[in-house]
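Below is one structure, written out as structure tokens; comments come after it.
First the proteins, then the strands, lettered A, B, ... as listed; each starts at 1.
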Amino acid sequence: MNRTSHRHLLLVAPAFLLLLAFFVTPLAAALWNSFHGAAFDLSSYREAFSNPLYFHVFLRTLEVGAGVTAICLVLGYPIAYFMTTLSPRALAVCGFFVLVPLFTAFLIRTFGWMIILGRGGALNRLLLYLGVISTPLKITGTSTAVYVGMVHVLMPVAVFVLFAGMRQVDRTLLSAAQVLGANPVQAFLRVYVPMTIPAVISAGLLVFIMALGFYVTPVLLGGPADTMISQLIVTQVTTLLNLEFGYALSVILLAATVGVLTISNLFVPLEQMWSLQSHEGGKTRGWRSSQIVAGARRAALWIIEKAAQLLLGRPRWLARTLLRAYVVLAAIFLILPLIIIYILSFSSSPFLIFPPPGFSWQWYEKFFSDPDWQSALFMSLKLAAATATVSVVVGASSAFGLVRGTFAGKQVLLLFLIAPLLVPVVVVALSLYVSLSHLHLLGTFLGLVIGHMVITVPYAVVISVAAVRGLDVNLEHAASTLGAAQPVVQRRVVLPQLAPALGTAWILCFLTSLDELLITLFLLGRQTETLPIRMWSDIRIQVDPVMSAAASVIVTAVAVLIMTSQYRTLKAK
Amino acid sequence: MGTTVSVSNVTRRYAASTYALKDVSLDIEAGEFVTLLGPSGSGKSTLLKILAGFEQLTSGDVRIAGQSVIQIPPHRRDVGMVFQHYALFPHMTVAENIAFPLTVRGMRKRDIDLRVAGVLELTHMSGYRRRYPRELSGGQQQRVALARAIVFDPKILLMDEPLAALDRHLREQLQIEIKRLQRQLNMTVLFVTHDQDEALALSDQIVVMRDGRIEQKAAPELLYAEPANRFIADFIGESNLVPCAIEGGQATWCGLALPYRPSAVAAGAGWILIRPEFIDLSAERPAQGGLKGVLQESMFLGEGTRHLIAVGDVSFKVRASNRQRDTYRPGQEVYLNWAADKARFLAD
């Protein structure tokens, strides 16, 4: 190995060590401790599998995860497709409706659904007013509410991943298919859809893994029957202080995740999932279905084609109009809880009544004058800014090492750096809890920054790798022939080109940290509360409209950040 | 600004036995326009990169203006380079791009402005100084890249297939511009291309490369008329190569005598090279000599016509001027003839 390889490895080192110390090692320790180390006592596992209550929770978690994933894919696919047909300007507008919910805290969005779906909530009042029902429906506290809440949270993720994949598909192939005699439906089903399968698998996998680790939504919208595994782990660790059992549950959750990843890796390589490989068209690993399955598929395809052609074929504008109408409805669904929160924040009533009886600024006044909310807001901004800044530096430096370096095992290292994104958050939170308590960093600001970095650095790496890969090495060569020494090349040629991507990475890390609840819950100790923690305790104790004022402030901040970055990309084109 | 360049015994080896360059030596005179021509993988770009300083050499020496440069990093070599895909800095305007080499040298603002205005004038890009590269066409971008590469008076100008990404019309136009600039500024230029027409049109000297070696270095006319071997004959221009045996100063092919310019080789196997434009075509048997063949195809090319004639199992290419146009039908019997001094023998 030569000198430059060493330098490149050195660039990757910070991110690598961060994850090694606070993610991998503690997970290994948790595994070791889950069977009481050398004693090899499997009692925790025995309890987890023999107790019907826990077993039910496992099944429930898998069931909800699979259900939510399926719904997100079905609902998200048409939206993602629609987005690929838009002009840059229209795409920026449409993207706004997907991105703002995507980057607004789970907590805030779930809060919005609490207002809409509650017993005295907006939906019940509307139905009562219309005379559809005579007594309010019980929606909050049922599985329906959990599904609605989770789909709302995860659909933007699905749309985003699907869109990223579909954008790679060459649309002239659709025209080619039609020139060759396929009707539009056939062209779509036989040419377009098969090419988007890798994107569908990627999106499904990410949504499924995120769903498995869900915490906020089932707690706030579900009933006792909707308990999911994260709730169990949080209770075991933070309330019952039964660490071994918490470890065992996490290990089981982790094993399920790894199983899913392994299976999906057979179809779409993991590297491709985060667009970490240079794209040469979507690549699926081959698998042959049996004759019977193939025959059945052909027959089904034929029936679907005929039916779709019959229904949508004429008039020709029908399919397009239906798609548009659907996208508008979906946009309303995505943005509705946020709008409800906005409206309620100006309410004159101290209760969450919808529609509000009158207008007032009082909740904003309270939010900006209450020292508790004040310090929470300041703490969150400080934490998010620190996390984002360090994450971008660490992420960009490892991206350089990974893209420019020529050492062996680059792909594996890259996967290692994004591993925290492929594991349910609650598992990450637990491993941080273990390692930081060993280092006596629990309840310190540094501890919180480290904790948030474990999930923000992977984002920074993903974005920076793409950006560094996009750099034209010839520009650097040109700069040197023109007389610029290496530091000047970096400062005047490389950095300005990376600036937009690094800005995006910073915003993404900032928002992720600003929204973070679960990890903070484990690590906070006696530190000043962050905004999500403050909201969390508020929601659970007494819900009052200050919460909606606080949420509105955050949503506004997110919306402004996203509009700025959308505008910048649009201008750059 | 012309400077001499001397490449002596340069070898570039990657693994134990994979050579990018094998013992290459080349001398370039001041103010000379030299083209490296060869198929991809022949080592021409590697040689250019070694001159610019992006590639290290395994052995040998490179001297610019008599001084060895192999220990000097790229940014202190004072070598101008134009890249195939322009390599303009996307975040800088045209003027900022061109000013870049001057600002990194710490030149005064007023002098920079003067120089930038000067090269913009020279490249006919004065109206575009505030534009960004993405707002320019390919040809305009290449003019800016050229302006940027010469603004700091480099000792030599390296050009790595600078016109390959442009369409034919623009390419011809820029060829003329490049040639004009090179004469006007008396620059030493090393130009890389795989396009033989471009090489013939621009160069004082052409260096043909293959598999990391120099095959021949000669002026365009000489290279065309007297290629050193079959590879060069094939690579440069169109050619008819007829396998033959030499015995007692006679070239014979399938029992037929082929006229050719006598060479030093008295006996052996090889090829007779005859360019398509030197073959005369006639419907009747000429007074002496003449090969009988069957016309297969005629292609009208505008300024000339290209005929394919089968003689035995060899297909001859014949290029006839259209000043007086004879028409032949496919399948017709025709006779080929050429002056002996236009045909050359190439040993195997």
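- Heavy atoms of other residues, nucleotides or ligands lying less than 6.0 angstrom from OH of A:Tyr81 number more than 12.
- Top candidate by heavy-atom pairs under 4.5 Å with chain B, chosen from A:Ala478, A:Ser480, A:Ala479, is A:Ser480.
- A salt bridge links B:Asp204 with B:Lys179: the distance from a Lys NZ or Arg NE/NH1/NH2 to an Asp or Glu carboxylate oxygen falls below 4.0 Å.
- For B:Arg76, the CZ atom sits in a loose shell: 12 or fewer heavy atoms of surrounding residues, nucleotides or ligands are nearer than 6.0 Å.
- When heavy atoms are compared at a cutoff of 4.5 Å, B:Phe54 approaches chain A solely by way of its side chain, counted from C-beta outward.
- Of the two parts of B:Arg77, neither the backbone nor the side chain holds a non-hydrogen atom closer than 4.5 Å to a non-hydrogen atom of chain A.
- The candidate from B:Pro101, B:Gly80, B:Pro73 with the greatest count of non-hydrogen atom pairs under 4.5 Å with chain A is B:Pro101.
- Using a 3.5 Å distance cut-off with no hydrogens or angles, the side chains of B:His91 and A:Gln497 do not pair a donor with an acceptor.
- Within the 4.5 angstrom heavy-atom criterion, only backbone atoms of B:Leu88 (N, CA, C, O) approach chain A.
- The choice from A:Val488, A:Val489, A:Leu475 that makes the most heavy-atom pairs within less than 4.5 Å of chain B is A:Leu475.
- Taking the ring centre of B:Phe89 as origin, the terminal cationic atom of B:Arg148 falls inside the region bounded by 6.0 Å and 45° from the ring axis.
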